[in-house]
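To start, the structure under review is shown below, and the notes come after it.
Atoms within a ligand are numbered from 1 in the order they appear, just like the ligands themselves.
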Amino acid sequence: NVSPHIPYIKKCLSLAEQSPPRPTNFRVGALLLSRQDNDPIFADDRILSTGYTMELAGNTHAEQCCFSNYAAVHKVADDQISTILPAEAGRKLIMYVTMEPCGKRLSGNAPCAQRIARTTEGGREGVHKVYFGVKEPKTFVGESEGCRMMTEAGIEWEHVSGLEREILSVAFAGHENGEEEVRAALGEKGTNVDDI
Ligand SMILES: Nc1nc(=O)c(N)c(NC[C@H](O)[C@H](O)[C@H](O)COP(=O)(O)O)[nH]1
Ligand SMILES: [Zn+2]
């Protein structure tokens, strides 16, 4: 029996495949949805936004684009997104991302774990839980901090296993020796659910 999260991770993977390959980041896909509580088969999910790495101008991340796209549709600035995200009784905001949201970026831009945490500003519900298909490989920042930052912000997260190889192959496509980095990342502690 396949986890009900797999189709959503696959949807994020197809988003990630639209990202222009670069050696300086990973190709990632993200989506934001509203889910009814106690709905085991996700029968009433509402997709709110999607994003992929460098979808929007500049050095943008998938989660960042997902939020920016939603903010643009609602005509607010990125840093006002918490004011326009739906907060409905009996429903939760859920994010799916192919890769663990970043906790640090070499460019110094705001990391996605922080952007996700900021959706709860002003005591708003914000993003309740983040599902991701693979831990961030050590390539750029070493041990990833995203999960710890989400936990500190009171945001739940969960690694959905099963698509690590596919996700990493897409993520590393722009890298010099992508295949070798995929193999290394698969061997890294933390790509298996029991390591995270
Ligand atoms: N979750 C996630 N979504 C993305 O869309 C993306 N590109 C990364 N990548 C994480 C990686 O750590 C950073 O890409 C490097 O640290 C370089 O930092 P910049 O991207 O230049 O800010 N991670
Ligand atoms: Zn990021």
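- Considering backbone and side-chain N/O atoms, Val97 never comes within less than 3.5 Å of an N/O atom of ligand 1.
- Partners of Arg124 by salt bridge (Lys or Arg N to Asp or Glu O under 4.0 Å), not counting sequence neighbours: none found.
- Taking distances strictly below 2.8 Å, the protein N/O/S atoms close to the Zn ion (ligand 2) are His61 ND1, Cys102 SG, Cys112 SG.
- Counting heavy atoms of neighbouring residues, nucleotides and ligands inside a 6.0 Å radius, atom CZ of Arg165 does not exceed 12 of them.
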Mind running side-chain contact (heavy atoms from CB on, under 4.5 Å) on Lys129 and Lys92 for me, showing each step along the way? CA-CA 8 Å; Lys129 184 165 184 176; Lys92 294 279 190 303; over 6 Å; no
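- Regarding atom 19 (P) of ligand 1, its nearest protein heavy-atom neighbour is Asn59 ND2, 3.4 Å.
- Taking 4.0 Å as the cut-off, Thr24 counts as a neighbour of ligand 1 on heavy-atom distance.
- Here Tyr52 is tied into one hydrophobic group with Leu15, each link being a pair of ILVMFWY side chains closer than 4.5 Å.
- A ring-centre distance under 6.0 Å is found for Phe172 and Phe26.
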Can Glu143 and Lys135 be said to form a salt bridge (charged side-chain N to carboxylate O under 4.0 Å, His left out), step by step? CA-CA 10 Å; Glu143 199 51 45; Lys135 201 169 180 323; 3.2 Å; yes
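- Taking a cut-off of under 4.0 Å to the non-hydrogen atoms of Ser107, the atoms of ligand 1 that pass are 18 (O), 19 (P), 21 (O), 22 (O).
- Residue, atom and distance of the protein heavy atom nearest to atom 16 (O) of ligand 1 are Leu106 N, 3.1 Å.
- Here's the thing with His61: one of its N/O atoms is less than 3.5 angstrom from an N/O atom of ligand 1.
- Interface of Val28 with ligand 1, defined as ligand atoms under 4.0 Å from a residue heavy atom, comprises 2 (C), 3 (N), 4 (C), 5 (O), 6 (C).
- At a heavy-atom distance under 4.0 Å, no atom of Arg27 approaches ligand 1.
- Here the straight-line distance linking atom CD1 of Ile167 with atom OG1 of Thr98 works out to 5.5 Å at 0.5 Å rounding.
- Residue-ligand proximity, Glu136 to ligand 1, at heavy-atom distances under 4.0 Å covers atoms 10 (C), 11 (C), 12 (O).
- Nearest heavy atoms, Val160 versus Glu164: O-OE2, 4.4 Å.
- Looking only at heavy atoms of the protein, atom 7 (N) of ligand 1 is closest to Phe26 O, 3.1 Å.
- Using a 4.5 Å cut-off between side-chain heavy atoms of Ile, Leu, Val, Met, Phe, Trp and Tyr, with links allowed through other members, Met149 and Val97 fall into different hydrophobic clusters.
- The closest donor-acceptor contact from the side chain of Asn69 to the backbone of Thr50 lies under 3.5 Å.
- Under a 4.0 Å criterion applied to the non-hydrogen atoms of Glu63, ligand 1 contributes the atoms 1 (N), 2 (C), 3 (N), 4 (C), 5 (O).
- Proximity to Ala62 (heavy-atom distance under 4.0 Å) selects the following atoms of ligand 1: 4 (C), 5 (O).
- Every N/O-N/O distance between Phe140 and ligand 1 stays at or above 3.5 Å.
- Applying the salt bridge (Lys or Arg N to Asp or Glu O under 4.0 Å) test to pairs two or more places apart or on separate chains, none has a residue in residues 12-33.
- Atom CD of Glu152 has more than 12 neighbouring heavy atoms from other residues, nucleotides or ligands inside a 6.0 Å radius.
- Checking side-chain atoms of Ser49 against main-chain N and O of Cys66 turns up a donor-acceptor pair under 3.5 Å.
- Looking at ligand 1, you won't find any N or O of Asn25 less than 3.5 Å from one of its N or O atoms.
- Taking every non-hydrogen atom of Cys102 and a distance limit under 4.0 Å, the qualifying atoms of ligand 1 come out as 1 (N).
- Ring geometry for Tyr8 versus Tyr96: interplanar angle under 30°, hence parallel rather than tilted (30 to 60°).
- The backbone of Glu100, and not its side chain, has at least one atom closer than 4.0 Å to an atom of ligand 1 (non-hydrogen atoms only; backbone = N, CA, C, O).
- Contact annotation for Pro101 and ligand 1: only backbone heavy atoms (N, CA, C, O) come within less than 4.0 Å of the ligand.
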